[in-house]
> 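Please read through the structure below; I'll follow up with questions.
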Amino acid sequence: MEVSNIRHALNVKREDDFAKWYQEVINAADLAEESGVRGCMVIKPWGYGIWERVQRLMDDRIKAAGIPNAYFPLFIPLANFEREADHVDGFAKEMAVVTHHRLIADGEGGLIPDPEAKLEEPLVVRPTSETIIGDAMARWVQSWRDLPLMLNQWANVVRWEMRTRMFLRTSEFLWQEGHTAHATREEALEETHRALEMYRACVEEDLAMPVIAGEKPENERFPGADETWSIEAMMQDGKALQAGTSHYLGTSFASAAGIQYQDKDGEHQLCHTTSWGTSTRMIGGVVMTHGDDDGLRVPPRIAPHQIVILPMLRDKPEDEAVLAYCEDVRKSLSGVSALGEPIRVLLDKTPGKAAAKRWSWVKKGAPVIVEVGPRDMENSKVAVLRRDALWNMDNGKPAMTFTPRNEFASTAAQLLEDIQADLFAEAKERRDAKITRGMTEWHDVVNSFRKGGKYPGWVEVEWSKPNGAELEAVVEKLKAEKLTFRNVPRDSEPADGICIFSGKPAVERILVARAY
RNA sequence: CGGGGAGUGGCGCAGCCAGGUAGCGCACCUGUUUUGGGUACAGGGGGUCGGAGGUUCGAAUCCUCUCUCCCCGACCA
């Protein structure tokens, strides 16, 4: 299919070593780097710019749902976690704790925490904010008129993970956490689903990453939640990535924090709460969904620069004219909107060889690269390179299209919309081809993962949704094959067969996959 | 935390086993060359070898401790 003389921008190909390729893209695209602090990364401008775009688009959706932002403390009193037993069980093993508030010299040129300055009560660096936001909600909710109470926070959180991976699992990460309190279970569930749907829309429409929304089985629930829902994306190696979660917390957190209200009859009632979050992990998902052997491909909606204009400067007198021509091209785009927003154009005047700059933008994944040389100027044209269709398969060279300059401005919006749509379609097609349905024997599932090639994808099976010891046994069975349950797809067909694990009548269909 | 691997100029690596103050490719700087485009040649700048301690006349090379990263496992919204 692919001509062999293509000289790709990366040294590692996806099919040769996916993990190494992932690292290389993050490097080559200038997204982030190691910080020297265990499990923590430095997010570089291009990576952070993408995050800011994601943040903006998600925040718009949250605000459109009528949920305002607020900010709560980074430090949470230890005692807060002791109130909800399941919650503390879930997070105890991975909490960073502040125990002192002062340093003193150790006498050997170093510094140590001052034993005299030990905190009465240790403070936990938030791994999530249910407990501290719950405190506030308890104060803020008195009457049924105060409900629903809906809040969102953009923040950093810390979870002391054993093994970290850039963007996918870092000790500190950036995220958004929504927290709501409602009068009834029905309203809280409705909010849980509204948040889930908001995530699905944002990730599919903005990040161009196809996901499957559904409910997590009991063993995968958020600590303390009654129901956990997720959106699951398939990476190019067939593994699953949880890209967002939404939880119905029942009344357990309300009970722990005392979030209650007086209803119209004057009776005290516990609130039903929800929480939901998405994080910088989504950036890792974008890399593993849209990246290729030449680096990253950023979907136009989340690209900090959608079009990069590259003047072919050669330290010659005509450089000035080329630059002026590029300025004109940029100006011609200034009134143009694409995908509902003013188009974002960068004229890259930084010194350096034009060819090297071109490849750096290819690796970063700018959706459209426009090259302009003296000859283009002479012909009133621009050379357009689509990052999502980089190569001319006939000659193995970059697929440049020479477009009349006045035509380019009028077609740019459509071009970006096409790229956004094509990236999504490509990812969706790849994913759908890798989901297997209809298996009724467990050993067939095992074989499909063992022998189904390098990247076997997912399998959807029917099961009887057991709990307790029976569920544990099933989870162990999965574990033995390095498999996990992902979710029960929201819109899957009803079950009509038997449980693949027990042979009992099945009650639903559930996705099984290897996961990040 | 268990097993394995690795940390040498910006990036990728060699040197280490048989210790004598560092080398290659890319990138970078200067000049020339080339000019529908990841050109070529010549010259040049930059590192004290993750960190600390030890052995030694002398350590990137040997020993001890420690930090960090990668892979597998365990663990994990």
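Remember, it's a predicted structure, so these values are computed and weren't measured experimentally.
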> Hey, is the side chain of R375(A) poking within less than 4.0 Å of OP1 or OP2 on rU35(B), counting only N and O atoms?
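Negative; the distance criterion is not met.
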> Does E371(A) get its side chain close enough to the base of rG36(B), under 3.5 Å, for a donor-acceptor pair?
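Not at all, since no donor on one side and acceptor on the other fall under 3.5 Å apart.
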> Between the side chains of W276(A) and E177(A), does any donor sit under 3.5 Å from an acceptor?
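The answer is no; no qualifying pair exists.
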> Look at all strands and tell whether K482(A) reaches a base, only sugar-phosphate, or nothing, counting heavy atoms closer than 4.0 Å.
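Sugar-phosphate, backbone atoms only, no base.
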> Describe the nucleic acid contact of A383(A) in one word from base, sugar-phosphate, nothing, applying a heavy-atom distance below 4.0 Å.
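Result for A383(A) = base.
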> For nucleotides rA27(B) and rG12(B), find the distance between their P atoms and express it as a whole number of Å.
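It works out to 15 Å between them.
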> Is atom NZ of K44(A) surrounded by more than 12 heavy atoms (other residues, nucleotides or ligands) closer than 6.0 Å?
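Correct, the count exceeds 12.
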> Base, sugar-phosphate alone, or nothing: which one does F173(A) contact when heavy atoms must sit under 4.0 Å apart?
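If one applies the 4.0 Å heavy-atom cut-off, F173(A) turns out to touch a base.
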> With sugar-phosphate meaning primed atoms plus P, OP1 and OP2, does R281(A) contact a base, only sugar-phosphate, or nothing at under 4.0 Å between heavy atoms?
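The answer is nothing, as R281(A) stays clear of every strand by at least 4.0 Å.
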> To the nearest angstrom, how far is I26(A) atom CD1 from rC69(B) atom C1'?
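So the CD1-C1' distance, I26(A) to rC69(B), works out to 13 Å.
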> So what does G39(A) hit on the nucleic acid, given a heavy-atom distance under 4.0 Å: a base, only sugar-phosphate, or nothing?
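Sugar-phosphate, no base atom in range.
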> Going by distance alone, is a donor N or O of one side chain under 3.5 Å from an acceptor N or O of the other, for E33(A) and N27(A)?
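E33(A) vs N27(A): no donor-acceptor pair found between side chains.
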> How many Å lie between OH on Y516(A) and P on rC70(B), as a whole number?
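These atoms are roughly 13 Å apart.
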> Among residues two or more places apart or on two chains, list those pairs meeting side chain to side chain donor-acceptor pair (under 3.5 Å) that have a residue in residues 371-385 of chain A.
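For residues 371-385 of chain A, and leaving out neighbouring residues, the side chain to side chain donor-acceptor pair (under 3.5 Å) pairs sorted by first residue read R358(A)-E371(A).
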> Just checking, is any N or O donor in the side chain of W361(A) or D348(A) under 3.5 Å from an acceptor N or O on the other one?
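Their side chains do contain a donor-acceptor pair, which is all the 3.5 Å distance test asks for.
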> Can you tell me how far C1' of rC11(B) sits from CD of E33(A), to the nearest Å?
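Atom CD in E33(A) sits about 12 Å away from atom C1' in rC11(B).
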> Base, sugar-phosphate, or nothing for T228(A), non-hydrogen atoms under 4.0 angstrom?
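The residue T228(A) makes no contact with any strand.
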> Under 4.0 Å, heavy atoms only, any strand: does D376(A) hit a base, just the sugar-phosphate, or nothing?
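It contacts base atoms.
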> With a 4.0 Å cut-off on heavy atoms, is T128(A) in touch with a base, just the backbone sugar-phosphate, or nothing at all?
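Contact class for T128(A): none.
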> Between K20(A) and rC71(B), does any side-chain N or O lie under 4.0 Å from OP1 or OP2?
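Result: no.
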> Which whole number of Å gives the distance between the P atom of rG25(B) and that of rA42(B)?
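Each nucleotide's P atom is 11 Å from the other's.
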> Take S279(A) and M400(A), find for each the nucleotide of RNA chain B with the closest heavy atom, and name the residue whose nucleotide sits nearer the 5' end.
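The residue mapped nearer the 5' terminus is M400(A).
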> C1' atom, rU48(B) versus rC41(B): distance in rounded Å?
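Result for the C1' pair: 32 Å, nearest Å.
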> Looking at K216(A), R490(A), R200(A), which hits salt bridge (charged side-chain N to carboxylate O under 4.0 Å, His left out) with E232(A)?
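When salt bridge (charged side-chain N to carboxylate O under 4.0 Å, His left out) is applied between E232(A) and each of K216(A), R490(A), R200(A), only K216(A) qualifies.
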> Taking the P atom in each of rC17(B) and rG7(B), what is the distance between them to the nearest angstrom?
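So the two P atoms sit 15 Å from each other.
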> Can you tell me, in whole Å, how much space there is between the P of rC65(B) and that of rG19(B)?
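Going atom to atom, P in each nucleotide, I get 22 Å.
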> What's the gap between rC49(B) and rU21(B) when it is taken at their P atoms, as a whole Å value?
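So the two P atoms sit 15 Å from each other.
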> Tell me which nucleotide among rC75(B), rC71(B), rG38(B) gets nearest to the side chain of A19(A).
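Shortest atom-to-atom distance from the side chain points to rC71(B).
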> Quick check: are there more than 12 heavy atoms from other residues, nucleotides or ligands sitting under 6.0 Å from CD of E327(A)?
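Count over threshold, so yes.
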> Working to the nearest 0.5 angstrom, can you tell me the gap between N156(A) CG and R126(A) CZ?
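So the CG of N156(A) and the CZ of R126(A) are separated by 5.0 Å.
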> Knowing that exactly one of H247(A), H182(A), H179(A) qualifies, which makes a side-chain contact (heavy atoms from CB on, under 4.5 Å) with T274(A)?
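For T274(A), the side-chain contact (heavy atoms from CB on, under 4.5 Å) check succeeds only for H182(A).
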> Rounded to whole Å, how long is the line connecting atom CD of E94(A) with atom C1' of rA74(B)?
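These atoms are roughly 14 Å apart.
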> Tell me which nucleotide among rG36(B), rC76(B), rG38(B) gets nearest to the side chain of F402(A).
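Within the option list, the nearest is rG36(B).
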> Say we look at rC67(B) and rG20(B): how far apart would their P atoms be, to the nearest angstrom?
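To the nearest whole Å, 31 Å.
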> Is any side-chain N of the basic residue among R194(A) and E197(A) closer than 4.0 Å to the acidic one's carboxylate O?
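Looking at E197(A) together with R194(A), the answer is no, because their closest N to O distance does not fall below 4.0 Å.
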> Between rC11(B) atom P and D30(A) atom CG, what is the distance in whole Å?
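One finds 12 Å between P of rC11(B) and CG of D30(A), rounded.
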> Near RNA chain B, under 4.0 Å by heavy atom, which residues of residues 356-367 of chain A?
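The answer is W359(A).
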> Treat primed atoms plus P, OP1 and OP2 as sugar-phosphate and everything else as base, then score nucleotides 1-10 of chain B 5' to 3': B for base contact with protein heavy atoms under 4.0 Å, S for sugar-phosphate contact only, - for none.
B---------
> Q23(A) and W21(A): side-chain donor and acceptor closer than 3.5 Å?
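No, no side-chain donor-acceptor pair sits under 3.5 Å.
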> Using the C1' atom as the reference point in each nucleotide, state the distance between rU35(B) and rC69(B) in Å, no decimals.
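After rounding to an integer number of Å, I get 43 Å for this pair.
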> Counting the atoms with a prime plus P, OP1 and OP2 as sugar-phosphate, which does P374(A) contact under 4.0 Å by heavy atoms, base, sugar-phosphate, or nothing?
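Answer is nothing: P374(A) stays at 4.0 Å or more from every strand.
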> Given rG73(B), rG37(B), rC76(B), identify the nucleotide with an atom nearest to the side chain of M312(A).
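Per side-chain heavy atoms of M312(A), the pick is rG37(B).
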